[in-house]
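Only one structure is covered here, and it is reproduced in the block below.
Below, read A as the first sequence line, B as the second, and so on, with proteins coming before strands; counting in each chain starts at 1. When reading the values below, keep in mind they use all heavy atoms of this one structure, side chains included, and skip hydrogens, waters and symmetry mates.
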Amino acid sequence: MSVSGDHSNSVFANVVQAPEDPILGVTVAYNKDPSPDKLNLGVGAYRTEEGKPLVLNVVRKAEQLLVNDPSRVKEYLPITGLADFNKLSAKLIFGADSVAIQENRVTTVQCLSGTGSLRVGGEFLARHYHERTIYIPQPTWGNHPKVFTLAGLSVKTYRYYNPNTRGLDFEGLLEDLGNAPTGAIVLLHACAHNPTGVDPTSDQWEHIRLLMRSKGLLPFFDSAYQGFASGSLDADASSVRIFVADGGECLAAQSYAKNMGLYGERVGALSIVCKTAEVASRVESQLKLVIRPMYSNPPIHGASIVATVLKDRGMYDEWTIELKAMADRIISMRKELFDALQARGTPGDWSHILKQIGMFTFTGLNADQVAFMRKEYHIYMTSDGRISMAGLSSRTVPHLADAIHAAISNVA
Amino acid sequence: MLSLASVSPSASLSLQKNFKTNWKRGTSSRINFLGSDFSKTKSYTRTSMTVAVKVSRFNDITMAPPDPILGVSEAFKADTNEMKLNLGVGAYRTEDLQPYVLNVVKKAENLMLERGENKEYLPIEGLAAFNKVTAELLLGADNAVIQQQRVATVQGLSGTGSLRLAAALIERYFPGAKVLISSPTWGNHKNIFNDARVPWSEYRYYDPKTVGLDFDGMISDIKAAPDGSFVLLHGCAHNPTGIDPTPEQWEKIADVIQEKNQIPFFDVAYQGFASGSLDEDASSVRLFAARGMELFVAQSYSKNLGLYAERIGAINVVCASSDAAARVKSQLKRLARPMYSNPSIHGARIVANVVGSPELFNQWKEEMEMMAGRIKSVRQKLYDSLCAKDKSGKDWSFILKQIGMFSFTGLSKTQTENMTSKWHVYMTKDGRISLAGLSSAKCEYLADAIVDSYHNVK
């Protein structure tokens, strides 16, 4: 039987070419660029001063231990994942002294990094929660609306970023959450908001908490940068902890992609804090029904690395030091970029580069300026003007500053 | 347990009004979060008006039943009887009933450790080197469909994850199309299609009278299904029955599917594990591909490379043209991104290293022959024990005819319960036993249990 390239015979004739993912597609485009000056500020993956990916020393150590352990096997994990990993992850985010954990009110399931945790949580809520609307901040990580829509929730937004101040639109946020129906789900970035880098202050968090609790809004935290934002694991979890401390319920998605540099190992966890231990147990049983038909059980390697590091005092301390070093390098890049723009006399107020927190800076550059920088300077970033500070080095800051200066000067 | 002040609706409204005024003036909430002791936070919030929700919002959620397959291992663990035998999950065990990590896998992991590779995100479609070798392993490197770039391959989370991606694609691009699944089939298949919102129906497969294939029933039911349906086929070592069509029967199945313009959807979880030969076990898939048919194939490396917990597999879509394959691949990526963004590296690298190195690949083939060989010999021993112990004249030869990790014993639900309650033999309620969990030393004991359950329990 001959096979031609005859499309009319294909059952896939109506399947169109999907566009590249807007965030991951930046790297695809970057890879294709032959220019020696090219700079990838797209994906939020940490780079060293030399521009290289980093595997933490403590991660390599943990891996050595695991691979060299003759008693280790590769049997299926339980549907909920590696038990040690789950317990340690809950402690990491909620605090070792968390009353909710002591009272067994928390169910934690290992998932495929942050994305997987959000998707499993979303599917669970779409099936079991009476309010099927989730409010996400405007703007937010590009993948959020897709994750929740495919999970079966309907997605609305609340005001978050004020482009005039390049800071938080706190009044708008309170108003929009105030107008949300009772019980609606609200997505909150625990720290280092992606893409803006703008976080509420602790006072503002307290007000958000009071408002949400008074309306019975259900918090769903996305915690992808714990320890990476300020350099302190506890400080970066404080928003989550004030909600848990008041005895109410919430969801929290954790990722170890950035803070342990385990990007490709896909390690994360979904925790659901419930009113009672009994409810938590029933919730866990239903989470298993979401996971089993999706991928049966999660991958072992990354979770084993995390558990190994978290349970050993020495390794844990080493980790916090390496984590702080990464956070500090990013903070120093912020200072260098700000200084470079000041030195060039680039028009505008660039202090937001210093005020924003975490891996990203929301530059305020528009799509045309971004395109200009790509074409003329081979600088790759997402079209919303978000740059990953983690991709910068002292060596490349001048080139970026030149590009920004040129874009501001030449492109409206 | 923190006690919470109850908030009446009117009180919560005035609370909201207070927020706006209070935060502008500066509130008394001087909470220092940096390195603070959270017991201080607790006493603060005890006095503040907080949660309007007194009862859990999840209160109406019922306790879900344990997974019928994975739940068996949980029950087995809880059993303290020393004669207990776990024939539940399809995970290979050595003669000493220990889990087995293949030597080639250990070698590959050591190589990877030495190389000190990074842990950057894979592309959404997975590791390119893995995708290449997995398609070649399935179809043959010199297969025309590969030469012509007509296969869209996307790394998936083992078999389950790959099936789920395919199901999501079917739901989006073939709305209303049904998937026909065998009766019986792996218990999780229907869950996958249910969650993906793809309708399914069953085609006859297992004939309890012969403990063999109901071939006429199968063909009739596929013919009776709508044109354009997807037909889920087990590439080899049918789970749970162990009953595979013969090559001639595969040809006839392909004929019917082509007549009806249906789309074959293979689940290949045991390539190499069924007969011991990778090529032989892929022959059903290759037969269909050679006819120029478009098809879906989900692969898993859980069993044949013992990579269970690493979750490594792939979804392959063989298309009529390279253009269609490119488009299909792009849409599979669009479905993976909101599910988990990109797949895990570790298992993919192991497979790429093993299959990509002639030395490791040959070693793998030897280890696989050894595993498949142990299962065949255990089948023989079980059969011999059954014949020796059962004087009723019942024909137990189906044990030898069935292939792969599982045997469908033909035991009923109550008989299966007897296996567990009286004999501490753990198996799934459909009568399936995993021979991979059986040692020669335990064959006689198992034979006793089966004979007793079959004859003495109704």
Using heavy-atom distances under 4.5 Å, tell me whether [X] contacts chain A through its side chain, its backbone, both, or neither.
X	result
B:Glu117	backbone
B:Leu127	neither
B:Val328	both
B:Thr62	both
B:Val145	neither
B:Asn342	both
B:Pro343	backbone
B:Leu163	neither
B:Ile61	both
B:Phe193	neither
B:Glu310	both
B:Arg93	side chain

Answer yes or no: is there a side-chain heavy-atom contact under 4.5 Å between [X] and [Y]?
X	Y	answer
A:Arg119	B:Pro338	yes
B:Phe58	A:Arg282	no
A:Pro293	B:Asn194	no
A:Lys275	B:Val55	no

Distance, nearest 0.5 Å, that separates [atom1] of [X] from [atom2] of [Y]:
X	Y	atom1	atom2	result
A:His130	B:Asp60	NE2	CG	10.0 Å
B:Lys329	A:Gln17	NZ	CD	10.5 Å
B:Ser344	A:His301	OG	NE2	10.0 Å
A:Tyr76	B:Ser73	OH	OG	10.5 Å
B:Lys119	A:Leu54	NZ	CG	12.0 Å
A:Glu265	B:Glu120	CD	CD	11.5 Å

So which part of [X] gets closer than 4.5 Å to some heavy atom of chain B, the side chain, the backbone, both or neither?
X	answer
A:Val73	both
A:Leu150	side chain
A:Val290	backbone
A:Leu125	side chain
A:Glu123	side chain
A:Asn68	side chain
A:Ser117	neither
A:Arg127	side chain
A:Phe124	side chain
A:Val16	both
A:Ile79	side chain
A:Leu118	neither

What class does the angle between the rings of B:Phe296 and A:Phe12 fall in, given that below 30° is parallel, 30 to 60° is tilted and above 60° is perpendicular? tilted

Can you tell me how the ring of A:Tyr263 sits relative to the ring of B:Tyr121, calling it parallel under 30°, perpendicular over 60° and tilted otherwise? perpendicular

Tell me which of these, [options], has more heavy-atom pairs under 4.5 Å with chain B than the rest.
options	result
A:Arg72, A:Glu63, A:Lys146	A:Glu63
A:Gly122, A:Gly302, A:Pro298	A:Pro298
A:Leu77, A:Thr27, A:Val67, A:Leu218	A:Leu218

Would you name the heavy atoms of A:Gly216 and B:Arg57 that are closest together and state the gap between them?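 That would be O-NH1, 3.0 Å.
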
Using a distance-only test with no angle check, is there a side-chain donor-acceptor pair under 3.5 angstrom linking B:Arg311 and A:Asn297?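 Judged by distance alone, the side chains do pair up.
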
Distance alone, cut at 3.5 Å: any donor-acceptor contact between the side chains of B:Tyr340 and A:Arg266? no

Which of the residues B:Leu157, B:Leu335, B:Asn188 is involved in the greatest number of heavy-atom pairs with chain A at under 4.5 angstrom?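 Highest number of heavy-atom pairs under 4.5 Å: B:Asn188.
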
Just to verify, which of B:Asp67, B:Thr160, B:Asn191 counts as forming a side chain to side chain donor-acceptor pair (under 3.5 Å) with A:Ser296? B:Thr160

For the pair A:Asn143 (side chain) and B:Arg337 (backbone), establish whether a donor and an acceptor sit closer than 3.5 Å, ignoring hydrogens and angles. yes

Kindly say whether A:Val15 contributes a backbone atom to a donor-acceptor pair with the side chain of B:Gln331 at under 3.5 angstrom?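 No, because the side chain of B:Gln331 does not come within donor-acceptor range (under 3.5 Å) of the backbone of A:Val15.
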
Do the side chains of B:Lys333 and A:Glu20 get close enough for a salt bridge, i.e. N-O under 4.0 angstrom?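 Between A:Glu20 and B:Lys333 there is a salt bridge, with a charged N closer than 4.0 Å to a carboxylate O.
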
Does CZ in A:Arg60 sit with more than 12 non-hydrogen atoms of other residues, nucleotides or ligands closer than 6.0 Å? yes

